[in-house]
Q: 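Quick one: the structure is below, and I'll ask about it shortly.
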Amino acid sequence: MLAIDGPSGSGKGTVARRVAERLGWHLLDSGALYRLVALDASRKGVAFDDTAALAEVASRLDAHFLTAKDGAERIVLSGDDVTAAVRSEETGRGASAVAAIPAVREALFDRQRAFRRAPGLVADGRDMGTQVFADARLKVFLTASPEERARRRHKQLKDKGIDVSLAAVSRDIVDRDRRDSERSVAPLRPADDARILDSSGKPIDEVVQIVLDWVASI
Ligand code: DC
């Protein structure tokens, strides 16, 4: 069991996916669950200040993570392919808001734990090492400077054809970091026994290799 936590744009999504592929382990993208709650709530017209209704949405989430024949991951919500919508900036903002609600986190707890199956799990998020898989053998806290994280997010969005300025992405990252770290429930922070890995200036392959070496050494 490997827990990878860190702020937006630290590269943890990519690193977690590649490490899981190399090890042949399962992958939990816990951020996608919070994103799905936000998306489902907005599709159902649930207000973002109605915490009881949001917790209900989280506990009834009808979501599936599928791998298409070409290897691409598809996310299906109540029968609809929402792969692109899940990754949008708007959904990300909504996810950060619903993730601050304790009842929503509680409702997603068991669903996340259920991803832990043989031969192993790589779980990526904000509280994998501190809350959900506090007993993980290896915990990695992946960071990068805010400037680098903004540049990476900006490039990702441009590659997807989304036209947004670097300044706007930077502001969004700073806001999201603040909300995720300052919330009272499961704030973003490294577990006491996490290994800190700063990916600033490191190519992704190097970061993946460092994590694989750590897995091999435990
Ligand atoms: O990693 P991401 O951008 O997909 O996450 C979306 C939001 O969900 C992020 O703002 C914080 C929240 N989140 C969380 O609170 N706990 C997690 N384990 C994963 C994500």
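This is a predicted model, so every value here is computed, not measured. We count ligands from 1, going down the list as the structure has it; atoms in each ligand are counted the same way.
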Q: Taking non-hydrogen atoms only, is R93 closer than 4.0 angstrom to ligand 1 via side chain, backbone, both or neither?
A: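 For R93, no heavy atom sits under 4.0 Å from ligand 1.
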Q: Quick test: of every protein heavy atom, which one is nearest to atom 16 (N) of ligand 1, and how far off is it to 0.1 Å?
A: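 Closest protein heavy atom to atom 16 (N) of ligand 1: R105 NH2, 3.0 Å.
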Q: Who's the nearest protein heavy-atom neighbour of atom 11 (C) of ligand 1, and how far?
A: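 Answer for atom 11 (C) of ligand 1: D180 OD2, 3.4 Å.
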Q: Considering only heavy atoms of K12, which atoms of ligand 1 have at least one such atom less than 4.0 Å away?
A: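 Every atom of ligand 1 under 4.0 Å from some heavy atom of K12: 1 (O).
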Q: Tell me, which protein residue and heavy-atom name are nearest atom 12 (C) of ligand 1, and how many Å apart are they?
A: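 Looking at atom 12 (C) of ligand 1, the protein heavy atom closest to it is A99 CB, 3.6 Å.
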Q: Evaluating non-hydrogen atoms only, which member of A100, A95, A123 is closest to atom 7 (C) of ligand 1?
A: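 Nearest heavy atom to atom 7 (C) of ligand 1 lies in A95.
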Q: For S199 versus A144, what's the shortest heavy-atom pair and its separation?
A: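 S199 and A144 have their closest heavy atoms at OG-CB, 3.6 Å.
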Q: Ion pair present between D29 and R87, side-chain N to carboxylate O less than 4.0 angstrom?
A: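 Salt bridge present between D29 and R87.
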Q: Check this for me, if you would: do D172 and R93 make a salt bridge, where the nitrogen-to-carboxylate-oxygen distance has to be below 4.0 angstrom?
A: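 A salt bridge is present here (some side-chain N lies under 4.0 Å from a carboxylate O).
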Q: Are any of the N or O atoms of D29 closer than 3.5 Å to those of ligand 1?
A: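 Between D29 and ligand 1 (N or O atoms, distance only) the closest approach is not under 3.5 Å.
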Q: Among all protein heavy atoms, pick out the one at the shortest distance from atom 20 (C) of ligand 1; state its residue, atom name and that distance to 0.1 Å.
A: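 Ranked first by proximity to atom 20 (C) of ligand 1 is G31 CA, 3.5 Å.
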Q: Give me the nearest non-hydrogen protein atom to atom 3 (O) of ligand 1 as residue plus atom name, then the distance to 0.1 Å.
A: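 The closest heavy atom on the protein side is R35 NH2, 2.9 Å.
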Q: Closer than 4.0 angstrom, basic N to acidic O: yes or no for D81 and R74?
A: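 So D81 pairs with R74 through a salt bridge.
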Q: Where's the contact between S8 and ligand 1, heavy-atom distance under 4.0 Å: side chain, backbone, both or neither?
A: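 Under 4.0 Å from ligand 1, S8 contributes no heavy atoms.
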Q: Out of all atoms in ligand 1, which are within 4.0 Å of some heavy atom of M128? Include the element for each.
A: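 Listed by number with element, the hits are 18 (N).
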Q: Relative to ligand 1, is D127 under 4.0 angstrom through side chain, backbone, both or neither, heavy atoms considered?
A: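 Under 4.0 Å from ligand 1, D127 contributes backbone and side-chain atoms.
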Q: Tell me whether D180 is salt-bridged to R176, with the criterion being a basic N under 4.0 Å from an acidic carboxylate O.
A: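 Salt bridge flag = no for R176 with D180.
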Q: Any idea which atoms of ligand 1 are less than 4.0 Å away from a heavy-atom of R176?
A: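 Reading through ligand 1 atom by atom, the close ones are 3 (O), 10 (O).
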Q: Report the C-alpha separation of H26 and F115 in whole Å, then their side-chain angles, then the decisive distance to 0.1 Å, and conclude whether the side-chain contact (heavy atoms from CB on, under 4.5 Å) test is met.
A: CA-CA 7 Å; H26 299 281; F115 277 79; 5.8 Å; no
Q: With a 4.0 Å cut-off, would you call D193 and K139 a salt bridge?
A: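 So D193 pairs with K139 through a salt bridge.
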Q: Between D177 and R149, does any side-chain N to carboxylate O distance fall below 4.0 Å?
A: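 Yes.
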Q: For atom 17 (C) of ligand 1, what is the closest protein heavy atom, and at what distance to 0.1 Å?
A: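 Heavy-atom neighbour on the protein nearest atom 17 (C) of ligand 1: R126 N, 3.4 Å.
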Q: Does the distance from a Lys or Arg side-chain N to an Asp or Glu carboxylate O, for E21 and R17, drop under 4.0 Å?
A: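 Not counted as a salt bridge, because no side-chain N and carboxylate O are separated by less than 4.0 Å.
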Q: Contact between M1 and R137 at the side-chain level, heavy atoms closer than 4.5 Å - yes or no?
A: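 Side chain of M1 against side chain of R137, heavy atoms only: no contact under 4.5 Å found.
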Q: Suppose we measure from atom 19 (C) of ligand 1 to each protein heavy atom; which comes out shortest, and what is that distance?
A: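 The closest one turns out to be S30 OG, 3.4 Å.
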Q: Between Y34 and ligand 1, is there a nitrogen or oxygen pair with a distance under 3.5 Å?
A: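 No; every N/O pair is 3.5 Å or more apart.
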Q: Indicate whether the side chain of S96 and that of R179 have a donor and an acceptor atom separated by less than 3.5 Å.
A: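 Their side chains do contain a donor-acceptor pair, which is all the 3.5 Å distance test asks for.
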Q: For R179 and ligand 1, answer yes if some heavy atom of the residue is under 4.0 Å from a ligand atom, otherwise no.
A: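 Outside the 4.0 Å threshold, so no.
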